Amino acid sequence: MSKKDSDIIQHYSEDNSNYYGAVNPSIVQTTCFAKKSTVELFEALANERTTYAYSRGTNPTSLILEKKLAALERGEHAKVFSSGMAAITATLFTILKAGDHVLLVNNVYGPATNYLKYMSKYGIEMDNVFVEEAGEIKKHLKKNTKLIYFESPSTHQMHLLDLDEIAKIAKEVNALTMIDNTWATPLFQKPITHNIDLVIHSLTKYIGGHSDVMAGAVIGKFELIDKIIEFGHQYQGAVISPNQSWLLIRGLRSLEARLNVHQKNVEQVLNNLKNHPKIASINHPYVANEKQKVIFKKYFEGYTSLFSIVLKDDSFESVSKFVDSLKVFQIAVSWGGFESLVFPQFNGKNQEGLKMSHIPQGLVRLYIGLENPDTLIEDINQALDS
Ligand SMILES: *Cc1c(COP(=O)(O)O)cnc(C)c1O
């Protein structure tokens with residue numbers, strides 16, 4: 001991580017002369033902002049991206065967070081929302097129209113996939129395709145492909161893709177590219193510097209960092225984000241509260257420090273699980289093949305701590321026995337907080353759905369928190385032995 005990022009996190013876009021010299025910004029908990037005249041009011045309403053008029057448009061506390069996120073991603077502008085899904089749906093709602101085709105690559109976040117399936121009633125098509133390398137995306141493009149939407153690493157399989165290559169393929173057919181960069185955080189991967197158009201974050205995860213706040217963001221060029229603000233944000237109204245933004249500014253302050261611990265912990269856990277006789281495979285860039293490691297070196301500055309293992313014995317009884325035997329890892333969705341979590345994919349009757357998403361029955365997602373790594377290793381080992 002560059003020195004610049006540390007400075008952005010701690011100080012950028014904060015001005016304590018605005019809040020009595022307090023080292024932390026104030027929570028500006030207000031719905032509206034009074035103006036001196038009619039002219040001033042209408043001027044403010046005409047430019048809600050930069051002027052305070054109504055807190056559904058711009059709020060000073062939330063704007064601090066937006067400026068930091070944009071700077072960290074090297075983007076021109078960011079908009080924050082009340083959840084990651086709100087950021088995703090507002091973006092898709094804004095950039096897509098009837099007749100457009102969306103290409104999902106190697107699975108994206110499940111509810112986002114479901115949203116796009118639902119959008120078929122508005123005439124928006126989508127395909128979820130699986131590729132080993134970015135170049136293969138070409139053969140799945142259609143005449144009406146408007147958007148290539150992906151994660152790298154991908155959800156579940158943790159497969160990495162070459163961002164430069166995807167941006168190039170998209171430019172050739174005039175399509176937009178959108179990456180969900182939640183796993184890497186803006187500290188470990190900067191897709192905009194590789195010509196990706198839109199970056200999505202679920203701030204609920206590492207940036208909040210304490211499992212106590214939900215939010216999302218989209219980052220990109222002014223022109224695109226302005227449109228998303230005008231339509232997806234203003235008209236759909238999934239507004240973040242100033243309180244939440246303040247918690248995220250606070251979470252961000254320790255992001256670099258926390259990621260260093262997560263990285264050290266996950267390496268230690270993976271080193272210990274690597275050759276375990278009950279595990280068929282592990283999905284994480286740290287233990288990936290050479291080709292994947294080349295991509296990792298090109299794009300990433302570090303590892304984060306979400307990965308999956310595939311159990312050799314993949315009956316529902318065995319998978320749930322392993323999960324239920326864990327004592328430190330808590331059984332829950334989500335990740336990015338202080339606490340280690342486990343989330344199996346097989347519920348005993350969803351074999352069809354898993355197959356369609358290329359997810360093995362025995363796949364279990366593990367999230368490594370900030371506990372002592374020896375405690376976590378001991379816990380996984382005793383659960384595998386049970
Ligand atoms: C959690 C998550 C989301 C959705 O974010 P919410 O804040 O839960 O709405 C989107 N993408 C990824 C990769 C996630 O993990």
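Both ligands and their constituent atoms are indexed starting at 1 by order of listing. Predicted model, so just to flag it, every value in this text is computed and none were measured.
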Which residue and heavy atom of the protein sit nearest atom 13 (C) of ligand 1, plus the separation: Asp180 OD2, 3.4 Å
Atom 7 (O) of ligand 1 [closest protein heavy-atom partner, distance rounded to 0.1 Å]: Thr204 OG1, 2.6 Å
Asp100 with Lys97: basic N within carboxylate O range, under 4.0 Å: yes
Nearest protein heavy atom with distance in Å, relative to atom 14 (C) of ligand 1: Lys205 NZ, 2.9 Å
Check: Phe338 ring centre within less than 6.0 Å of His210 ring centre: no
Top protein contact for atom 4 (C) of ligand 1, by heavy-atom distance: Tyr109 CE2, 3.3 Å
Identity and separation of the nearest protein heavy atom to atom 6 (P) of ligand 1: Gly84 N, 3.3 Å
Geometric class of the Phe296/Phe300 ring pair [parallel <30°, tilted 30-60°, perpendicular >60°]: parallel
Location of contacts on Trp183 toward ligand 1, heavy atoms closer than 4.0 Å: neither
side-chain contact (heavy atoms from CB on, under 4.5 Å) involving Met119 - partner list, sequence neighbours excluded: Tyr115, Tyr122, Ile124
Numbered atoms and elements of ligand 1 in range of Trp335, under 4.0 angstrom, heavy atoms: 15 (O)
Aromatic plane relationship, Tyr367 with His262 - under 30° parallel, 30 to 60° tilted, over 60° perpendicular: tilted
Shortest heavy-atom approach to atom 5 (O) of ligand 1 - which of Ser334, Ala112, Ser202, Gly208: Ser202
From Glu151, Met85, Met214 - option closest to atom 8 (O) of ligand 1 by heavy atom: Met214
Sub-4.0 Å atoms of ligand 1 with respect to non-hydrogen atoms of Ala215: 7 (O)
Centroid-centroid under 6.0 Å between Trp183 and Phe188 rings: no
Pair Lys221 + Asp226: basic N to acidic O under 4.0 Å: no
